[in-house]
*Asks:* 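First, the structure itself, so that you have it in front of you.
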Amino acid sequence: AMRTIAVSAVLVGLLAAAERPAEAQASSSTKAFRYRGGKVDAGVVYSYDRSDFSGSRSGSVLVYMPDRKRVEILRVVPGRDGGQLVTGEMDWDACSLGRFEVWKEGADGSRTRQAVATASGDSIAVTVEDPALYGGRPGAATFSVSAGHVPEHVAAFDLVTLALALRHLADPQGSVEVALVKGNGAVSEASPAWLVPAGKVTVAYAEDVNRDGVDCAKYTVTGPALGSGEGALWYQKEKGYLQEMEIPLAGDADWAEIVLAYRSSEKASEKDWATRRSVEIRKGAKK
């Protein structure tokens, strides 16, 4: 019996040693960012129209940061009951989401927590609490997804956190490599995780351009995560917020691409924000 314990201890030691280099292998480009508190629009609700490239689907995304760390994202699909609310905290050292919770929220404010997650390095540990998140498919209750690089951003939330992080590029006319994680479009017993690695992309400043009458700074998005495709983000020049985003990537099973277009922004208290969500969810259900 003693020998078994000794062998087990050796195995544990070997496994721990094997895991350490894997952690060290995660590349990082966090040095390309320099956090500046003034570039966080705390207490402002940003509303975006969401669609796909063909324009055949539409929805909305609302983004609210109650303070410089917390971020909340409401995603509404027309005709669907309730919205998806993501609440989390930005880890500005990693320029990624540090931890987050996913909720299903009704127009009356009622909520069901569907998942909780914590990011550490390039890895996100997730616990799924509501099987409905898998839409009847055999999904894992707990899993960990390794992006292979830091920062990493979740495409299943329309890359809102990437858009927020890019405002903090140390060189606004430079480029940076980031890893993406997306919703698993083919959940099965062989691939039971809700989120899967999507690969890396490079975001690079391209030009200052007038887009539909708005002066913007344009960034191109290319890399393995997009195959041969190219995406873009446009930032409103004067105020610096995201004006538009077009990314040829299926962030989740519902949408073939990520397309966001700025609709409006308004100052809001946390109470106003709750009301604003309720209005958006009701509006979506009627479409």
Side-chain angles (χ1 to χ4, degrees), residues 41 44-65 71-87 102-109 111-112 114 132-135 153-164 166 180-186 194-195 198 209 211-214 216 218-219 221 225-226 229-236 241-266 268 272-287:
D41 295 332
V44 179
V45 176
Y46 281 91
S47 305
Y48 291 90
D49 290 319
R50 176 164 62 135
S51 60
D52 53 12
F53 286 170
S54 68
S56 61
R57 312 202 59 208
S58 65
S60 57
V61 175
L62 305 188
V63 184
Y64 181 68
M65 293 193 72
V71 61
E72 304 202 355
I73 304 159
L74 178 74
R75 304 168 76 236
V76 177
V77 178
R80 187 170 294 181
D81 184 34
Q84 182 194 67
L85 178 68
V86 180
T87 62
V102 179
W103 305 79
K104 182 178 178 185
E105 182 165 272
D108 62 355
R111 282 187 190 181
T112 304
Q114 296 189 293
L133 198 60
Y134 285 112
H153 289 278
V154 184
F157 309 146
D158 300 299
L159 293 177
V160 164
T161 57
L162 171 62
L164 293 171
L166 287 171
L180 306 184
V181 168
K182 64 180 180 179
N184 186 353
W194 166 55
L195 297 175
V209 63
R211 186 158 175 86
D212 304 324
V214 180
C216 294
K218 179 186 178 183
Y219 292 81
V221 186
L226 306 184
E230 182 178 302
L233 300 112
W234 291 265
Y235 284 85
Q236 203 261 21
Y241 58 76
L242 179 75
Q243 178 74 25
E244 239 175 291
M245 182 192 313
E246 291 182 357
I247 311 281
L249 177 72
D252 62 23
D254 285 335
W255 300 80
E257 297 97 12
I258 299 169
V259 180
L260 297 182
Y262 172 83
R263 190 199 313 163
S264 64
S265 54
E266 61 204 301
D272 298 334
W273 165 232
T275 307
R276 188 72 189 73
R277 294 199 308 273
S278 174
V279 168
E280 200 68 28
I281 292 167
R282 269 201 189 90
K283 206 161 68 180
K286 286 184 185 143
K287 282 189 181 175

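Values reported hereafter were calculated over all heavy atoms of this structure, with side chains retained and with hydrogens, waters and symmetry mates removed. Positions are given from 1, in the same order as the sequence printed here.
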*Asks:* According to side chain to side chain donor-acceptor pair (under 3.5 Å), who are the partners of Glu244, at least two apart in sequence or on a separate chain?
*Replies:* Arg211

*Asks:* If you measure from CG on Leu162 to OH on Tyr219, what distance do you get to the nearest 0.5 Å?
*Replies:* 11.5 Å

*Asks:* When rounded to the nearest 0.5 angstrom, what distance separates CD1 in Ile258 from OG in Ser51?
*Replies:* 11.5 Å

*Asks:* I want to check something: taking the side chain as every heavy atom from C-beta on, are Val102 and Phe157 in contact at a cut-off of under 4.5 Å?
*Replies:* yes

*Asks:* Say you draw a straight line from CG of Asp158 to CE of Met245; how long is it, rounded to the nearest 0.5 Å?
*Replies:* 7.5 Å

*Asks:* On a heavy-atom basis, which atom in Tyr64 and which in Ala268 lie closest, and how many Å separate them?
*Replies:* OH-O, 2.7 Å

*Asks:* So, do Arg50 and Val77 sit near enough that their side-chain heavy atoms are less than 4.5 Å apart?
*Replies:* yes

*Asks:* Using modelled atom types only, decide if a donor and an acceptor are shared between the side chain of Ser278 and the backbone of Ala107 within a distance under 3.5 Å.
*Replies:* yes

*Asks:* Just by modelled atom types, is the Ala163 backbone N or O under 3.5 Å from a matching donor or acceptor in the Tyr235 side chain?
*Replies:* yes

*Asks:* Look up atom CG in Leu233 and atom CD in Glu246, then write down how far apart they are to the nearest 0.5 Å.
*Replies:* 9.5 Å

*Asks:* Find the distance between CD1 (Ile281) and CG (Leu74) and round it off to the nearest 0.5 Å.
*Replies:* 5.0 Å

*Asks:* Could you tell me whether Asp272 atom CG has more than 12 heavy atoms of other residues or ligands within 6.0 Å of it?
*Replies:* yes

*Asks:* Are Lys283 and Glu280 ion-paired here, with the side-chain N under 4.0 Å from a carboxylate O?
*Replies:* yes

*Asks:* How far apart are the closest heavy atoms of Val76 and Gly83, and which atoms are they?
*Replies:* CG2-CA, 4.5 Å

*Asks:* Does Ser56 offer a backbone N or O that forms a donor-acceptor pair with the side chain of Asp52 under 3.5 Å?
*Replies:* yes

*Asks:* Can you give me the closest heavy-atom contact between Val214 and Gln236, atom names plus distance?
*Replies:* CG1-CG, 3.8 Å

*Asks:* Within a strict 4.5 Å, meaning less than it, do heavy atoms of the Pro78 and Ser58 side chains meet?
*Replies:* yes

*Asks:* For the pair Arg80 and Asp254, find out whether any cationic side-chain nitrogen is under 4.0 Å from an anionic carboxylate oxygen.
*Replies:* yes

*Asks:* Write down the atom of Phe53, the atom of Ile247, and the distance for their closest heavy-atom approach.
*Replies:* CZ-C, 4.0 Å

*Asks:* Hey, what's the ring geometry for Tyr262 with Tyr48, parallel, tilted or perpendicular (30° and 60° as the breaks)?
*Replies:* perpendicular

*Asks:* Mind listing the closest non-hydrogen atom pair of Ser47 and Arg276 along with its distance?
*Replies:* OG-NH2, 3.2 Å

*Asks:* For Tyr46 and Tyr241, take the angle between the two ring planes, folded into 0 to 90°, and tell me which bin it lands in: parallel under 30, tilted 30 to 60, perpendicular over 60.
*Replies:* tilted

*Asks:* Please name the pair of heavy atoms, one in Ser265 and one in Val44, separated by the smallest distance, quoted to 0.1 Å.
*Replies:* CB-CG1, 3.9 Å

*Asks:* Do Trp273 and Leu62 come within less than 4.5 Å of each other through their side chains, counting heavy atoms only?
*Replies:* yes

*Asks:* Verify, without hydrogens or angle tests, whether Glu105 (side chain) and Leu85 (backbone) share a donor-acceptor contact under 3.5 angstrom.
*Replies:* no

*Asks:* Just how far is it from atom CZ of Arg111 to atom OG1 of Thr87, taken to the nearest 0.5 Å?
*Replies:* 6.5 Å

*Asks:* Pick out which of Leu195, Thr161, Asp252 makes a side-chain contact (heavy atoms from CB on, under 4.5 Å) with Val154.
*Replies:* Leu195

*Asks:* Tell me whether Arg75 contacts the main-chain N or O of Ala156 through its side chain, where contact means a donor paired with an acceptor under 3.5 Å.
*Replies:* yes

